[in-house]
Amino acid sequence: MRHVAVIGSGPAGFYTAEACLRTFGNDVRIDLIDRLPVPYGLIRSGVAPDHQSIKAVTHRYEGVAAAQPVRFFGNVMVGRDVSVEELRGLYDAVVIATGAPADRPLSIPGADLPGVIGSAAFVGWYNGHPDHADLAPPLDGETVAVIGNGNVALDVARILAKAPEEFEGSDIARHALGPLASARTRRVEILGRRGPHQIAMTPKELGELAHLSRAAPHVALTDLPPLADDAALEPGQRKSVTLLRGFAAEGTGDKPVVIDFRFFTAPVAILGKDRVEAIRIEHTRLDAEGHAAGTGETEDIPCSMVVSCIGYRSITIAGLDYDDRLGRFTNENGRIGGAGSGLYCAGWARRGPTGTIGTNRPDGFQIAEEIAADLPAPAGKTGGDGLTALLTARDVEAVSFADWRRIEAAENARARGGAPREKFVRLAEMIEASHNVQN
Ligand code: NAP
């Protein structure tokens, strides 16, 4: 019997487990280990709460978890409760699929002022991630600056701009819904350091901004390149830029909230005495390589909060080489530490924070193939039984998939009308719900 430990139960972890099942059939035991008592990683805590159709991919993961060779060890943190070295002793292969849960730092003066928030924290807050439940973002001002021109910036801008009733049917955390409903936000400034042709936003997500009940997007006509230049764009990007052209042509009408796209603006400092009062930007132009080049002309935009959506980094785990420049584990095509190490990585921990949920699937299949090539025969390891013994000796309470089902049932039962669930945001509440056999 081969024993595979997958650390992280987000998309990369589940696709790796699925691939190992397909590759090894009944000749494998796969343990999905997660530091939270709940599975699904970014699907639960990253995908926007008003994008429930994307979250439906968890039904596929449920099928994987239900397979007889797969076990879930929630509430177990690798590096704290068990080391990578110990897992290597217990398993034939250890796959790191821990994603990229930390913010890429906004390295400008004033970035540590209260009211400057990274997207991991802000998104985690409205999605009910236990790490960010106490965030309390300052929503008392009229203008919020959102840095970045990717899909996360769009998610954040949309959540800030929506009317309370537009969250119907979403699983936005209750602790976020109230403050967002009473927020004074009237302007969301989306700051892009390059231009409309360089955005990393996809058409479906961009198009949603045109259909918000109280908010409308604004694009300055002067920021748009000549129409003929769009012909050189790949079709998806052309669609996105066409949407921006539509926003510029339409204007904001009489909607009270404006989502303002400010292109060619690079953040250079956050200003304020005790909290954010403004963001200083430098106007930019594109240089010959397509990078943002400062023009020397700066402008201060008053705002009460800054959400930095400039990408993510993986978090290091003791015993593993980490590439600080790239913000992910040092690896070669998913192999960590060279042939024979038994260590692999998948998803954002391997590639960095790019691509869609589905991009993780081929990653998982490639890792399964590599494990098969490296491990023609099992080596008599103890796998999950050994892990269970070790955790019991250390008094660590692991949460099984059946336990998670009880947490899930309790979250579903306490949902607001029309909402799929009301997530628990405290670990102790999750553990308590996992014990309740009524759930
Ligand atoms: P992203 O797509 O990499 O976008 C990051 C943005 O930040 C870019 O516009 C980048 O500009 C900008 N940026 C980086 N460093 C900066 C700096 N120092 N100052 C100013 N701007 C800076 O990252 P993301 O938005 O975090 O998304 C991560 C991944 O998740 C992406 O693959 C995304 O598509 C995916 N995602 C998908 C959905 C969805 O499908 N609904 C939702 C959310 C996220 P430059 O281009 O100039 O570097």
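Read the numbers this way: they start at 1 and go in the same order the structure lists the ligands and their atoms.
When each of Arg335, Gln366, Glu332 is checked for a side chain to side chain contact (heavy atoms under 4.5 Å, CB included) with Arg350, only Gln366 meets the rule. The only option from Arg421, Arg44, Arg414 that meets the salt bridge (charged side-chain N to carboxylate O under 4.0 Å, His left out) definition with Asp171 turns out to be Arg421.
The residues Arg71 and Asp31 are annotated as salt-bridged, a charged nitrogen and a carboxylate oxygen being separated by less than 4.0 angstrom. Salt-bridge annotation for Arg285 and Glu297: absent, with no side-chain N of the basic residue lying under 4.0 Å from a carboxylate O of the acidic one. The pair Glu18-Arg60 meets the salt-bridge criterion, since a charged nitrogen lies less than 4.0 angstrom from a carboxylate oxygen. Salt-bridge annotation for Arg275 and Glu277: absent, with no side-chain N of the basic residue lying under 4.0 Å from a carboxylate O of the acidic one. We find that Glu299 and Arg262 are joined by a salt bridge, their nearest charged nitrogen and carboxylate oxygen being less than 4.0 Å apart. Using a 4.0 Å cut-off between charged nitrogen and carboxylate oxygen, Arg313 and Asp323 do not count as a salt-bridge pair.
Atoms of ligand 1 lying under 4.0 Å from any heavy atom of Val152, numbered from 1 in the order shown and given with element: 24 (P), 25 (O), 26 (O), 27 (O), 43 (C), 44 (C). Ligand-side atoms of ligand 1 in range of Trp348: 29 (C), 30 (O), range being under 4.0 angstrom from any heavy atom. In the vicinity of Pro353, heavy-atom distances shorter than 4.0 Å reach the ligand 1 atoms 28 (C), 29 (C).
Not close to ligand 1: Gly192, with no non-hydrogen atom less than 4.0 angstrom away.
Geometrically, ligand 1 and Arg194 share a nitrogen or oxygen pair separated by less than 3.5 Å. Ligand 1 has an N or O atom lying under 3.5 Å from an N or O atom of Gly355, backbone or side chain. Annotation: Asn149 places an N or O atom under 3.5 Å from an N or O atom of ligand 1; distance criterion only. Taking distance alone, with nitrogen or oxygen atoms compared against 3.5 Å, Asn151 approaches ligand 1 more closely than that limit. Between Ala200 and ligand 1, not a single N/O pair is under 3.5 Å apart.
Of all protein heavy atoms, the one lying nearest to atom 4 (O) of ligand 1 is Gly150 CA, 3.6 Å. For atom 12 (C) of ligand 1, the closest non-hydrogen atom on the protein side is Gly148 CA, 4.0 Å. Of the protein's non-hydrogen atoms, Glu205 OE2, 3.0 Å is the one closest to atom 41 (N) of ligand 1.
Among Ala120, Cys309, Gly46, the residue whose heavy atom lies nearest to atom 5 (C) of ligand 1 is Cys309. The option with the heavy atom closest to atom 21 (N) of ligand 1, from among Arg193, Met201, Lys204, is Arg193.
For Asn151 and Thr202, the side-chain atoms include at least one donor-acceptor pair closer than 3.5 Å. Between the side chains of Tyr40 and Asp34, no donor-acceptor pair is found at a separation under 3.5 Å.
With a 4.0 Å heavy-atom cut-off, ligand 1 is reached by the backbone of Thr354 but not by any atom from C-beta on. Neither the backbone nor the side chain of Val47 has a heavy atom within less than 4.0 Å of ligand 1. At a heavy-atom cutoff of 4.0 Å, ligand 1 is contacted by no atom of Ala292, backbone or side chain. Within the 4.0 Å heavy-atom criterion, the part of Asp155 lying near ligand 1 is the side chain and not the backbone.
For Tyr61 and Tyr15, the gap between ring centers is short of 6.0 Å.
In this structure, atom 30 (O) of ligand 1 is in close contact with the protein, since a protein heavy atom lies within 4.0 Å of it.
In this structure the side chain of Asn75 never reaches within 4.5 angstrom of the side chain of Arg35, judged on heavy atoms.
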